[in-house]
Amino acid sequence: MPSDLFSDLAAEHEERLELAPEAILLRGAVKAESPELFSAIMDAARISPFRHMAVRGGFRMSVAMTNCGHLGWTSDEKGYRYSTLDPETGKPWPAMPPLFAEVASRCASLAGFADFEPDACLINRYKPDARMTLHQDKNEVDMSRPIVSVSLGLPATFLFGGMTRKERPRRIRIESGDVVAWGGAARLTYHGIAALAEGDHPLTGPFRYNLTFRKAG
DNA sequence: CAGTTTCA
DNA sequence: CCAG
């Protein structure tokens with residue numbers, strides 16, 4: 001248990017906000033400018049580069065994505081799925097860095113979800129104007145495990161809705177180092193990210209990165 | 001909304 | 001319907 005990996009990253013999160021039952025925002029749970037986290041993202045992207053995946057209908061997403069871990073989330077004109085191989089490289093996704101697993105597990109624990117061992121980390125890169133429309137994470141086999149989402153770089157407006165697309169989502173400002181975790185009754189909550197504003201972050205420059213940890217398989 | 005896919 |  002290399003729990004020291006996280007202690008270097010842990011910031012005193014001064015705020016624990018309950019967005020809904022079993023949906024927790026941990027403000028500043030992770031250092032806002034962690035070179036370790038950032039370079040781990042860059043390492044993964046050297047093996048499986050960021051790409052703009054297609055969705056059904058042939059549109060391309062404004063968010064650039066890659067993955068690490070045993071399973072990676074992918075989208076193409078046929079739909080969504082998790083795969084052990086990166087369709088772009090034909091090779092396995094880069095391994096989950098121990099630091100990532102540690103961050104995910106510790107933050108899940110802080111949010112009230114014990115024993116979280118993710119096998120998938122979707123890495124999203126937002127540039128100004130990139131957005132993620134409201135959606136549910138429902139391609140995972142085991143819905144009893146939470147989703148843990150870590151923000152790094154430019155701030156964003158997190159959209160957190162309800163169990164139906166109809167419900168008007170709350171708009172929550174999230175910044176580098178903020179972590180949102182949702183599971184249990186909130187596991188299938190519709191969520192998204194509003195169009196990113198321009199900016200310049202000391203660690204990530206013009207980008208926002210988001211690590212989304214799941215137990216997918 | 002428009003375009004696609006999927007399936008009743 | 002819908003991670004556009």
Side-chain angles (χ1 to χ4, degrees), chain A residues 19-20 22-23 25 41 44-45 48-88 93 96 100 104 118-143 145-174 178-183 185-197 204 207-217:
Chain A
L19 305 178
E22 302 192 83
L25 165 58
I41 294 172
S48 283
F50 284 100
R51 81 291 307 261
H52 295 270
M53 295 178 184
V55 290
R56 241 180 10 177
F59 300 97
R60 302 179 99 233
M61 301 174 75
S62 58
V63 177
M65 301 174 157
T66 184
N67 290 274
C68 63
H70 178 61
L71 291 168
W73 186 89
T74 62
S75 174
D76 58 26
E77 31 288 299
K78 299 175 181 186
Y80 319 130
R81 66 174 155 278
Y82 281 98
S83 64
T84 56
L85 300 182
D86 177 351
E88 291 283 308
W93 301 101
M96 175 97 63
F100 278 20
D119 56 12
C121 175
L122 174 61
I123 307 173
N124 291 334
R125 187 185 68 195
Y126 295 75
K127 64 178 189 315
D129 275 351
R131 73 202 66 195
M132 183 77 76
T133 59
L134 223 52
H135 68 281
Q136 297 169 299
D137 292 8
K138 58 177 181 184
N139 290 90
E140 300 75 29
V141 173
D142 184 3
M143 293 298 178
R145 300 288 98 202
I147 300 292
V148 175
S149 172
V150 179
S151 290
L152 209 66
L154 292 180
T157 300
F158 184 60
L159 309 173
F160 200 76
M163 300 302 286
T164 68
R165 191 180 291 279
K166 283 260 149 184
E167 280 182 62
R168 204 192 313 288
R170 281 180 69 176
R171 301 171 68 88
I172 301 138
R173 180 79 166 172
I174 53 175
D178 290 351
V179 174
V180 188
W182 62 99
R187 176 60 178 73
L188 289 174
T189 304
Y190 276 94
H191 59 282
I193 292 286
L196 204 77
T204 67
F207 297 116
R208 168 178 184 266
Y209 293 89
N210 181 69
L211 307 174
T212 313
F213 295 98
R214 302 97 188 268
K215 175 82 178 68

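Residue numbers begin at 1 in each chain, while the letters A, B, ... track the order of the sequences.
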Problem - Gap between atoms CG and C1', on Asp76(A) and dT6(B) respectively (whole Å) - result: 15 Å
Completion exercise
note: Lys78(A), atom NZ; dG3(B), atom C1'; distance rounded to Å ~ 18 Å
Problem - Length of the line joining Glu77(A):CD and dT4(B):P, which is rounded to integer Å - result: 11 Å
Problem - Whole-Å gap separating C1' (dA2(B)) and CZ (Arg56(A)) - result: 13 Å
Problem - Integer-rounded Å distance: dC2(C) P and Arg165(A) CZ - result: 6 Å
Practice task
Pick base, sugar-phosphate or nothing for Arg81(A), based on heavy-atom distances below 4.0 Å to the nucleic acid.
Solution key: nothing
Problem - Between Thr74(A) and Asp76(A), a side-chain donor and acceptor under 3.5 Å - result: no
Fill in the blank from the handout: In whole angstroms, the gap separating P of dC2(C) from CZ of Arg60(A) amounts to 22 Å
Handout entry: Interatomic distance, Phe59(A) CZ vs dT5(B) P [rounded to whole Å]
Key = 11 Å
Practice task
Before accepting this row, confirm whether a basic side-chain N of the pair Arg51(A)/Asp86(A) lies closer than 4.0 Å to the acidic partner's carboxylate O.
Solution key: yes
Completion exercise
Answer for the Watson-Crick or wobble partner of dC1(B), both distances under 3.5 Å, is dG4(C)
Exercise for the section: Just say parallel, tilted or perpendicular for the rings of Phe158(A) and His191(A), cut-offs at 30° and 60°. Expected result: tilted
Practice task
Measure from NZ on Lys138(A) to C1' on dC2(C) and round the result to the nearest Å.
Solution key: 9 Å
Practice task
Describe, in one word, how the ring planes of Phe100(A) and Phe213(A) are oriented to each other, choosing from parallel (under 30°), tilted (30 to 60°) and perpendicular (over 60°).
Solution key: perpendicular
